[in-house]
Amino acid sequence: MHDSEHLPYDGLPALPEQEMLARAEAFHELVVRRRTVRDFSSRPVPRDIIAACVQAAGQAPSGANMQPWHFEVVGDPVIKKKIRLAAEEEEQQFYDGRASEEWLNALAPLGTDAEKPFLEIAPWLIVIFEQRYGQDSDGAKTRYYYTKESVGLASGFLIAALHNAGLASLTHTPSPMGFLNKILGRPGNEKPFLLLVTGYPAEGAIVPAITRKDPGQYIHFREAGDS
Ligand code: IYR
């Protein structure tokens, strides 16, 4: 059936169903407590913690296993300042007219504006690049598949890994983000996907009073005998 090399899969030891349910519920409880944070502490976070979380992100599934991602992990205050200044320039234009009235109204409950001090205050900025195609050192191109979906999955893994490690994060998407290629010296086959800010929440950090959908609004089971 398979022409390519395959190996036995032993990554998932069988668990009693009671423990499976306990783990599923524990993970749910963990992620229920995740919130996007915009008030960060400047308290340093050891690089090894971030490195482990980024490596967890690198285990995400991807189209044809092309792993079309690159993570630039920025702790250098000089680069963080450059990123802040460039991001705020784009954001100023967004809030001053590029965004539609409808979009600004949708953002109102979040209380965001063009000021992005967290880009300098938080200890780490993780810039996630989507590789739209592969390109080797001779310039030869390789086709990649489902790159956005793949990078989105890796980003989800990363956000969950950071939260699991006790770190807050913010999915920041200044638009457009081309300035990140320039500042970080990334090649033309890479498109900035997400700027993930991470660190500890500031003391007394507040988050918007928003709610999540009731599960009944987004889960619909169809089991044997239901139809
Ligand atoms: N990029 C802007 C605007 C913004 C857009 C969305 I969609 C958000 O969920 C939050 C903010 C900013 O970061 O302020």
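Values reported hereafter were calculated over all heavy atoms of this structure, with side chains retained and with hydrogens, waters and symmetry mates removed. In each ligand, atom 1 is the first atom listed, and ligand 1 is the first ligand listed.
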Margin query: Quick check: R38 and ligand 1, any N/O pair under 3.5 Å apart?
Written below: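 It does not: no N or O of R38 is found under 3.5 Å from an N or O of ligand 1.
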Check: Looking only at N/O atoms, are Y95 and ligand 1 under 3.5 Å apart anywhere?
Finding: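 So ligand 1 has an N or O lying under 3.5 Å from an N or O of Y95.
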Checklist line | Identified side-chain hydrogen bond (donor to acceptor under 3.5 Å, both in side chains) partner of E130 from the options K148, H70, K191 | finding: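 The side-chain hydrogen bond (donor to acceptor under 3.5 Å, both in side chains) with E130 is passed solely by K148 among K148, H70, K191.
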Next item on the list: May I ask whether V151 and F157 are part of the same hydrophobic cluster, defined by side-chain heavy atoms of I, L, V, M, F, W, Y residues being less than 4.5 angstrom apart, directly or through others?
Entry: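 They do not share one cluster, since no chain of ILVMFWY contacts under 4.5 Å joins V151 to F157.
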Check: Quick one: do L184 and L194 end up in the same hydrophobic cluster if we chain Ile, Leu, Val, Met, Phe, Trp and Tyr together by side-chain heavy atoms under 4.5 Å apart?
Finding: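 In one cluster with L184: L194, no.
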Within the 4.0 Å heavy-atom shell around [X], which atoms of ligand 1 are there?
{"X": "K116", "result": "12 (C), 13 (O), 14 (O)"}
{"X": "E91", "result": "1 (N), 2 (C), 12 (C), 13 (O), 14 (O)"}
{"X": "T173", "result": "1 (N)"}
{"X": "H172", "result": "13 (O)"}
{"X": "F94", "result": "3 (C)"}

Notebook entry, point to check: Between T112 and Y95, do the side chains contain an N or O donor and an N or O acceptor separated by less than 3.5 Å?
Noted result: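 A pair is found: one side chain offers a donor N or O, the other an acceptor, under 3.5 Å apart.
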Checklist line | Cation-pi check, K141 onto Y133 ring (under 6.0 Å, within 45° of axis) | finding: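 Pair K141/Y133 counts as cation-pi.
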Check: In the protein, what heavy atom is nearest to atom 8 (C) of ligand 1, and what distance, to one decimal place, separates them?
Finding: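 So the nearest neighbour among protein heavy atoms is L107 CD2, 3.3 Å.
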Check: What protein heavy atom sits nearest atom 7 (I) of ligand 1, and how far away is it?
Finding: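 In this structure, atom 7 (I) of ligand 1 has W103 NE1, 3.6 Å as its nearest protein heavy atom.
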Notebook entry, point to check: Taking the six-membered ring where the residue is Trp, are the ring centres of W103 and F94 under 6.0 Å apart?
Noted result: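 Yes, close enough.
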Next item on the list: Indicate yes or no: does E29 engage R33 in a salt bridge with an N to O separation below 4.0 Å.
Entry: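 Judged by the 4.0 Å cut-off on N to carboxylate O distance, E29 and R33 do not form a salt bridge.
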